[in-house]
Amino acid sequence: MTIHAYRTHTCAALGASNVGEAIRLSGWVHRKRDHGGVLFVDLRDHYGITQIVADSDSSALAVLEGLRLESVITIDGEVKARGQGTVNPNLPTGAIEVFAREIKVLSRAEELPMPVAGEQEYPEDIRLRYRFLDLRRETLHANIVKRTRIISDMRRRMEGAGFTEYSTPILTASSPEGARDFLVPSRIHPGKFYALPQAPQQYKQLLMVAGFDRYFQIAPCFRDEDPRADRLPGEFYQLDLEMSFVTQEEVWDTMEPVMAGVFESFADGKPVTPAGQFRRIPHAQSMLDYGSDKPDLRNPLLIRDVSAHFTSSGFGLFEKIVGGGGVVRAIPAPGTAEKSRKFFDDMNEWARAEGHAGLGYVTRKGGEFGGPIAKNHGEEGMIALYDALGLGPNDGCFFAAGKEGQAAKLAGHARTRVAEQLDLIDKDRFDLCWIVDFPFYEWDEDAKKVEFSHNPFSMPQGGMEALCNQDPLTINAYQYDLVCNGFEIASGSIRNENPETMVKAFEITGLTQADVEDRFGGLYRAFQYGAPPHGGMAAGVDRVVMLLCGAQNLREITLFPMNQKAEDLLMGAPSVAENKQLRELHVRVIEPPKTRTA
RNA sequence: GCGGGUGUAGCUCAGUUGGUUAGAGUAUCGGCCUGUCACGCCGAGGGUCGCGGGUUCAAGUCCCGUCACUCGCGCCA
């Protein structure tokens, strides 16, 4: 009989039914408990943990005593039932242990820079430098497995919905709109560069023109922008999809079961908005009610415009703001009668620290109003205001005032913060909604001109007629985002596949037909030869995984992330190129000027 | 590019109002221990208090600069 060189079972496989068998296990020394004459080892592999025991009858005892944690060993031994009182109910294999007859050390571990067992926090740079150790740890290891399963589930559901996965190029052309590109110098064409795709946007539209009808891809995307906790530096993945001959409603109806299904499968029983019940909130409504285009619907607070209450008010500041075309937005703070003055003042301090002029407030306790706004606005006015807001005798209220855009944004942030402070958000839920009817254009204050507010390839609502006859800043697009718990998890649109409309849309931002042909030549040309109406969206895979893993940070769900300065501390990227490589690429490095001469 | 937070032993942290030789847990090394499962007990080694400068009789502690990590703003069609 031949026996496998390394193992007959995994470290999660053995149970009471195996008692008496001679087996072989391989894995890492997770923990060691040395009692002198008897020694226990928790042997770990990808699948689980099995307790190994050795005593003075075993040749393995001396070897194990001298072995550091995280060394890799093979154990030959025999499965034994654990005695009464020594069963470990916390371990799936806790009914048995393996008595070691022989041990083979496959790989000795040096002293560890960070322990693997346990879930303490460690400095980010050490975790990244020793990522192979970090990835052995339970939570991160499980997150990565979950990530892969989620992506696999997405593929299965997309194929089930009639989509086919196609790969698109990684070396492509720089896209003049959008984020900063990663460039790759061409050896064959001196002075020319490829760019890594920020998204397969133009390729997927070309696939529609080529008649493939329903495309999807788990697509790597590259953008050279500074990171955030929910935005990795450099590269990330999108569930990218596109459909021909569809209206936006069909995109939503198609994707709701996919997205709701993925969430339900991995939400560990937490409620998820069911497919068919995603609210479709117009962008303007969202800005008014939530002060954000990615509202957290778990937050029960609603913002209200109360400008009309301050057109003539004893509170001069608000009267002046409203008189000058500004707005006042109210953020309810229910049940705050017993909150200290510090609670309200701290909110104001916070708003100032965020760069706003401040956040006004009214307190109310047993029907009695308090605070400077209430005092100046007068009790009669306050009662009218509270009636309009539906607030009670023990509810406070915050006020964000100023130019509409700024006031809405501040109100949105305040809404989130108030709800957090008052613990009003149900954390064990996934609330999904569409934000629809995004404005097509916006006013660029720096450049003093009209700019695309999101995707220039989107179809403006009203088409050519709207572009010709309507104030551009009032035109909406067939453009939508999918939002979950305050995170934008997908964005999409019906595309503009008509060349004349496309040129007109760009003209309004100051570009000519020649510019369009020059910058988007491939796509523009494709639209001359029979292009189907089409649309789609792209979901941020990393963000979805982060939400489903309950992680606060994308590094917790990514195998080999870069740090905040876009460096890979394990592989040492980016690195200096050799002169020979640079010569071949016709590239010369210019050292940045020294910033300081001390 | 800008702003906030953090930085003390390999790791997690404590260190009072500026005052003696900077401590604990864990890890490492040595010793003891036959039923643990975060095993336990005894002992030892281990420190450029991120780095540089300044104030002071005296700095881990106060000030300035700088670096690393991080969160946010700008940026992200």
Side-chain angles (χ1 to χ4, degrees), chain A residues 30-43 49-58 61 65-66 68-70 80 82-91 93-94 97 99 109-130 133-134 175-181 198-199 201-202 221-234 236 350 353-356 409 413 438 440-442 444 446 451-458 477 479 488 491 493 505-506 509 511 519-520 538 540 552-553 555 563-565 567 569 595-596 598:
Chain A
H30 186 64
R31 279 202 171 97
K32 233 169 51 166
R33 294 174 292 278
D34 187 352
H35 292 244
V38 62
L39 178 150
F40 302 95
V41 166
D42 290 338
L43 191 68
I49 285 175
T50 299
Q51 175 164 285
I52 309 294
V53 60
D55 63 20
S56 42
D57 294 338
S58 168
L61 181 67
E65 274 179 333
R68 287 197 194 90
L69 298 185
E70 294 306 313
K80 291 190 168 180
R82 294 209 200 178
Q84 214 170 12
T86 64
V87 168
N88 184 349
N90 299 321
L91 205 60
T93 60
E97 61 193 2
F99 184 83
E110 293 293 324
E111 190 177 341
L112 298 167
M114 52 178 275
V116 169
E119 287 293 322
Q120 260 187 322
E121 287 188 42
Y122 305 106
E124 204 64 36
D125 47 344
I126 290 175
R127 294 185 58 188
L128 293 176
R129 194 178 300 278
Y130 296 93
L133 290 179
D134 201 22
S175 54
E177 308 285 325
R180 205 174 289 118
D181 284 315
Q198 296 185 20
Q201 178 68 33
Q202 294 188 62
C221 304
F222 305 89
R223 294 177 194 174
D224 189 5
E225 296 293 343
D226 290 338
R228 294 287 181 272
D230 63 350
R231 200 170 76 203
L232 285 174
F236 61 98
W350 159 82
E354 294 277 299
H356 298 279
K409 198 175 167 191
H413 287 152
F438 273 72
F440 191 48
Y441 293 113
E442 64 189 12
D444 184 334
D446 293 336
E451 252 316 333
F452 290 109
S453 54
H454 290 87
N455 188 333
F457 303 113
S458 300
Q479 158 117 32
E488 176 198 318
S491 187
S493 66
F506 276 95
T509 71
L511 294 179
R519 298 183 186 196
F520 310 105
Q552 302 298 312
N553 188 303
R555 290 184 300 276
N563 69 9
Q564 199 174 38
K565 281 186 167 172
E567 296 168 308
L569 296 177
T595 45
R596 198 165 285 101

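We use all heavy atoms of the structure for the numbers below, so side chains are in, but hydrogens, waters and symmetry mates are not. Every value quoted in this text rests on a predicted model; they were computed, and no experiment measured them. Within every chain, numbering begins at 1; the chains are lettered A, B, ... in the order of the sequence lines, protein sequences first and strands thereafter.
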K.L.:
Tell me which nucleotide among B/C71, B/G35, B/C76 gets nearest to the side chain of A/Arg231.
P.N.:
B/C76
K.L.:
Looking at A/Arg180 and A/Glu225, is any side-chain nitrogen of the basic one under 4.0 Å from a carboxylate oxygen of the acidic one?
P.N.:
yes
K.L.:
Are A/Gln51 and A/Thr93 close enough that some pair of their side-chain heavy atoms sits under 4.5 Å apart?
P.N.:
no
K.L.:
Does B/U36 have OP1 or OP2 under 4.0 Å away from a side-chain N or O of A/Arg33?
P.N.:
no
K.L.:
With a 4.0 Å cut-off on heavy atoms, is A/Asp125 in touch with a base, just the backbone sugar-phosphate, or nothing at all?
P.N.:
sugar-phosphate
K.L.:
Heavy atoms from C-beta onward define the side chain here; which of B/U70, B/C39, B/U28 lies closest to that of A/His35?
P.N.:
B/C39
K.L.:
With rounding to the nearest 0.5 angstrom, report the CD to CG distance, A/Gln552 to A/Asp230.
P.N.:
11.0 Å
K.L.:
In whole angstrom, give me the gap between the P atoms of B/C11 and B/U55.
P.N.:
33 Å
K.L.:
A/Asn563 CG to B/C67 P: how many Å, rounded?
P.N.:
15 Å
K.L.:
Using atom C1' in both nucleotides, what's the gap between B/G19 and B/U61 to the nearest angstrom?
P.N.:
11 Å
K.L.:
At under 4.0 Å, does any side-chain N or O of A/Arg127 touch on OP1 or OP2 of B/C69?
P.N.:
no
K.L.:
Whole-Å distance between B/C75 P and A/Leu232 CG?
P.N.:
21 Å
K.L.:
Side-chain N or O of A/Gln564 versus OP1/OP2 of B/C71: is the shortest distance under 4.0 Å?
P.N.:
yes
K.L.:
In the strands shown, is B/C76 matched to any nucleotide by a Watson-Crick or G-U wobble pair with both distances under 3.5 Å, and which?
P.N.:
none
K.L.:
Should we count CD of A/Glu121 as having more than 12 external heavy atoms under 6.0 Å?
P.N.:
no
K.L.:
Could you work out, with side chain to side chain contact (heavy atoms under 4.5 Å, CB included) as the rule, every residue matching A/Glu70, not counting sequence neighbours?
P.N.:
A/Trp28, A/His30, A/Arg44, A/Ala109, A/Leu112, A/Val116, A/Arg136
K.L.:
Within the 4.0 Å heavy-atom criterion, would you say A/Arg555 contacts the bases, only the backbone, or no part of the nucleic acid?
P.N.:
sugar-phosphate
K.L.:
If B/G60 has a Watson-Crick or G-U wobble mate with both distances under 3.5 Å, name it; if not, just say none.
P.N.:
none
K.L.:
Look at all strands and tell whether A/Ser458 reaches a base, only sugar-phosphate, or nothing, counting heavy atoms closer than 4.0 Å.
P.N.:
nothing
K.L.:
From B/C39, B/G72, B/U36, pick the nucleotide closest to the side chain of A/Thr86?
P.N.:
B/U36
K.L.:
Consider the side chain of A/Phe40, meaning its heavy atoms from C-beta on, and name the nucleotide among B/C76, B/G1, B/U36 that approaches it most closely.
P.N.:
B/U36
K.L.:
Could you give the distance separating B/U28 and B/U66 at their P atoms, to the nearest angstrom?
P.N.:
41 Å
K.L.:
Is there a Watson-Crick or G-U wobble partner for B/G23 with both distances under 3.5 Å, and which nucleotide is it?
P.N.:
B/C13
K.L.:
Should B/G3 form a Watson-Crick or G-U wobble pair with both distances under 3.5 Å, which nucleotide is its partner?
P.N.:
B/C71
K.L.:
Is there a donor and acceptor pair, one atom on the side chain of A/Arg82 and one on the base of B/U36, closer than 3.5 Å?
P.N.:
yes
K.L.:
Return the nearest nucleotide to the side chain of A/Arg223; candidates are B/G74, B/C29, B/C76.
P.N.:
B/C76
K.L.:
Give a yes or no answer on whether the side chain of A/Lys32 reaches the backbone of A/Leu39 with a donor-acceptor pair at less than 3.5 Å.
P.N.:
no
K.L.:
Considering only the P atoms, how many Å lie between B/U36 and B/C49, rounded to the nearest integer?
P.N.:
44 Å
K.L.:
Using a 4.0 Å heavy-atom cut-off across all strands, classify A/Gln120 as base, sugar-phosphate, or nothing.
P.N.:
sugar-phosphate
K.L.:
At 4.0 Å (heavy atoms only), tell me whether A/Glu124 reaches a base, stays on the sugar-phosphate, or touches nothing.
P.N.:
sugar-phosphate
K.L.:
Using the P atom as the reference point in each nucleotide, state the distance between B/G1 and B/A9 in Å, no decimals.
P.N.:
29 Å
K.L.:
B/G45 and B/U6: how far apart are their P atoms, nearest whole angstrom?
P.N.:
34 Å
K.L.:
Counting Watson-Crick and G-U wobble pairs only, both distances under 3.5 Å, name the nucleotide matched with B/U34, or none.
P.N.:
none
K.L.:
Looking at every strand, decide which applies to A/Arg31 at a 4.0 Å heavy-atom threshold: base, sugar-phosphate, or nothing.
P.N.:
sugar-phosphate
K.L.:
Classify the nucleic acid contact of A/Phe452 as base, sugar-phosphate or nothing, counting any heavy atom under 4.0 Å across all strands shown.
P.N.:
sugar-phosphate
K.L.:
Would you indicate what A/Pro456 reaches in the nucleic acid, counting non-hydrogen atoms under 4.0 angstrom: base, sugar-phosphate, or nothing?
P.N.:
base
K.L.:
In terms of side-chain geometry, is the basic nitrogen of A/Asp42 or A/Arg31 positioned less than 4.0 Å from the acidic oxygen of its partner?
P.N.:
no
K.L.:
Taking atom CZ of A/Phe99 as the centre, report whether more than 12 heavy atoms of other residues, nucleotides or ligands fall under 6.0 Å from it.
P.N.:
yes
K.L.:
Could you give the distance separating B/G54 and B/A59 at their P atoms, to the nearest angstrom?
P.N.:
12 Å
K.L.:
Of the options B/C75, B/U28, B/U12, whose atoms approach the side-chain atoms of A/Tyr122 most closely?
P.N.:
B/U12
K.L.:
Select base, sugar-phosphate, or nothing to describe what A/Asp34 touches, counting heavy atoms under 4.0 Å on all strands.
P.N.:
base
K.L.:
Ignoring hydrogens and angles, does a donor from either the side chain of A/Asp55 or the base of B/G35 sit under 3.5 Å from an acceptor on the other?
P.N.:
no
K.L.:
Just checking A/Lys32: base, sugar-phosphate only, or nothing, at a heavy-atom cut-off of under 4.0 Å?
P.N.:
sugar-phosphate
K.L.:
Quick check for you: among B/U70, B/U28, B/G72, whose closest atom lies nearest to any side-chain atom of A/Ala229?
P.N.:
B/G72
K.L.:
Please give, in whole Å, the distance from B/C69 P to A/Leu128 CG?
P.N.:
9 Å
K.L.:
B/G60 and B/G52: how far apart are their C1' atoms, nearest whole angstrom?
P.N.:
16 Å
K.L.:
What contact category does A/Glu97 fall into here, base, sugar-phosphate, or nothing, at under 4.0 angstrom with non-hydrogen atoms?
P.N.:
base
K.L.:
Nearest-Å distance, CD (A/Glu121) to P (B/G5)?
P.N.:
19 Å
K.L.:
At 4.0 Å (heavy atoms only), tell me whether A/Leu39 reaches a base, stays on the sugar-phosphate, or touches nothing.
P.N.:
nothing
K.L.:
Can you check whether A/Arg519 reaches A/Phe506 side chain to side chain, under 4.5 Å on heavy atoms?
P.N.:
no
K.L.:
If pairing requires Watson-Crick or G-U wobble contacts with both distances under 3.5 Å, which nucleotide is the partner of B/U66?
P.N.:
B/G50
